[in-house]
Number of protein chains: 2
Amino acid sequence: MSTSPTPPSPLDSVQLGAYFVLMEVAGLLRHAVEQQLRDDGDLSYVQFQLLARLGLDSPTGSERMTDLADGVVYSRSGLTYQAGLLEKAGLVSRAPSADDERSVTVTITDAGRSLISQVLPGHVEVLRQQLFSPLSRTDTQVLSDLLAPVRDHMRAAPPRSAGSRRRR
Amino acid sequence: MSTSPTPPSPLDSVQLGAYFVLMEVAGLLRHAVEQQLRDDGDLSYVQFQLLARLGLDSPTGSERMTDLADGVVYSRSGLTYQAGLLEKAGLVSRAPSADDERSVTVTITDAGRSLISQVLPGHVEVLRQQLFSPLSRTDTQVLSDLLAPVRDHMRAAPPRSAGSRRRR
DNA sequence: TATTGTTATACTCTATAACTATA
DNA sequence: TATAGTTATAGAGTATAACAATA
């Protein structure tokens, strides 16, 4: 069932090129960014994502475990592991949700917010140097507009048949 | 020395958006692709990259360890580990280089080539469904053209001050 | 019964440092 | 001395399955 009924029909060279550049740029960028986060705040990229989501995106500074897992494409156990690390470091707190006793609400602490602002300037610097220096403002806008539909498409299609539940 | 003399001056929202989409798309794509490679050929993404580089890019099917490490942004020991796995699986062979006794030449085997062609159709399918279905041919071309300079810029700048040697 | 989250466990990957051998 | 590669080792991250508790 892994072979499709239609002939393989390889991607054309433009598509292959786009695939490779995309993956290489993202890989190199992640590498650079992880090093900065490690140096400036002893954070992994995923941990930064979690903190940023709580501290920058969420108006309340809180989210349920499940929502965090959905946003970061994580296994439940993986998120539990990371949330445990963050909590042990005093960067977030966990408490049973008010409305649903099964849920756990994760909240960023003052120390967490402080760490974000400590790490953010360096982070922005890396982005500026590595990613944006070769891109004009228009380029950046176009790039964003091109990738946004892809992201939405990927989020919609549930290819992760692993566990069972995923979609909210 | 981690704070720059110039004011933090945060990225504008367009730049931040571009950064996040780029990372999310690449992350989701890598996730999907890794699952396919695992299912169809029991390969990690890095192992696939190594085999593809030897089998598809190199005309001779051989490369030195160092050149492979440069191409895949790996630590030397990491490459040794992966090359060891591939060799144990019979997908590559290793032999001291002819001209330089210090070097090791890695060569893809028939089994390695066979595995690539076994895995490639499914790989292409995933790319088509996940990445390219929301992109026109023009979109794809533009995306590629936008990212190519970024890749070149990142390759040139040696931010990995870790080990010591890196640039060829 | 379905969902939320945790735990135990095992495995893969990566990086650092020490080491050998050749240039 | 500098480079190519390996080894030992240690640590971080991830996933699976079994589990407990609530809806």
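Below, chain A is the first sequence line, B the second, and so on; all start at residue 1. As the structure is a computational prediction, the values presented were derived from the model and not from experiment.
Heavy atoms from other residues, nucleotides or ligands lying under 6.0 Å from CG of B:D57 number more than 12. In this structure, A:R137 places its CZ atom where only 12 or fewer heavy-atom neighbours from other residues, nucleotides or ligands lie under 6.0 Å away.
Of the side-chain N and O atoms in A:Q47, one or more sit less than 4.0 angstrom from OP1 or OP2 of D:dG13. The side chain of A:S44 places an N or O atom within less than 4.0 Å of a non-bridging phosphate oxygen (OP1 or OP2) of D:dG13.
In this entry the distance linking CG of A:L79 with C1' of D:dT16 reads 16 Å, nearest Å. Look at CZ on A:R76: it is 9 Å from C1' on D:dT16, rounded to the nearest Å. The distance from atom CZ of A:F48 to atom P of D:dG13 is 15 Å, rounded to the nearest whole Å. Residue B:E101 contributes atom CD, which lies 19 Å from atom P of C:dT20 at whole-angstrom precision. D:dA12 atom C1' lies 14 Å from atom CG of A:L86, rounded to whole Å. Put simply, CD on B:Q82 is 15 Å from P on D:dT7, counting in whole angstrom units. Summarising the geometry, the separation between OH on B:Y81 and P on D:dA12 is reported as 17 Å, rounded to the nearest angstrom. Rounded to whole angstrom, the span from the CG atom of B:D42 across to the P atom of C:dT12 amounts to 9 Å.
At a threshold of 4.5 Å between non-hydrogen side-chain atoms, the residues A:L54 and A:T107 do not count as touching. Using a 4.5 Å heavy-atom cutoff, the side chains of A:E63 and A:T105 are not in contact.
Taking only side-chain atoms of A:R64, from C-beta outward, the nucleotide of C:dG5, D:dA17, C:dC13 with the closest atom is C:dG5. Among the nucleotides D:dT6, C:dT16, D:dA15, the one closest to any side-chain atom of B:M65 is D:dT6. Residue A:S75 has its side chain nearest to D:dA15 when only D:dT6, C:dA15, D:dA15 are considered.
Pairing each heavy atom of A:L127 with each of B:L11, the nearest pair is CD1-CD1, 3.6 Å. Pairing each heavy atom of A:G71 with each of A:R53, the nearest pair is CA-NH1, 3.0 Å. Between A:S44 and A:Q82, the closest heavy-atom pair is OG-OE1, 4.4 Å.
The aromatic ring centroids of B:Y19 and A:H123 lie less than 6.0 Å from each other.
Mapping A:D100 and A:V46 onto DNA chain D by nearest heavy atom places A:V46 at the nucleotide closer to the 5' end.
When each of B:V72, B:L91, B:L43 is tested with B:L50 by the rule side-chain contact (heavy atoms from CB on, under 4.5 Å), just one qualifies, namely B:V72.
Less than 4.0 Å separates DNA chain D from at least one heavy atom of each of the following residues of residues 87-98 of chain B: B:R94. Against DNA chain D, the stretch residues 102-109 of chain A makes heavy-atom approaches under 4.0 Å through A:R102.
Within the nucleic acid shown, B:L68 has no heavy atom closer than 4.0 Å to any nucleic acid atom.
Donor-acceptor pairing under 3.5 Å, judged by distance alone, is absent between the side chain of B:T66 and the base of D:dA4.
Members clustered with B:Y81: B:L85, by chain and number, using a 4.5 Å side-chain heavy-atom cutoff among hydrophobic residues.
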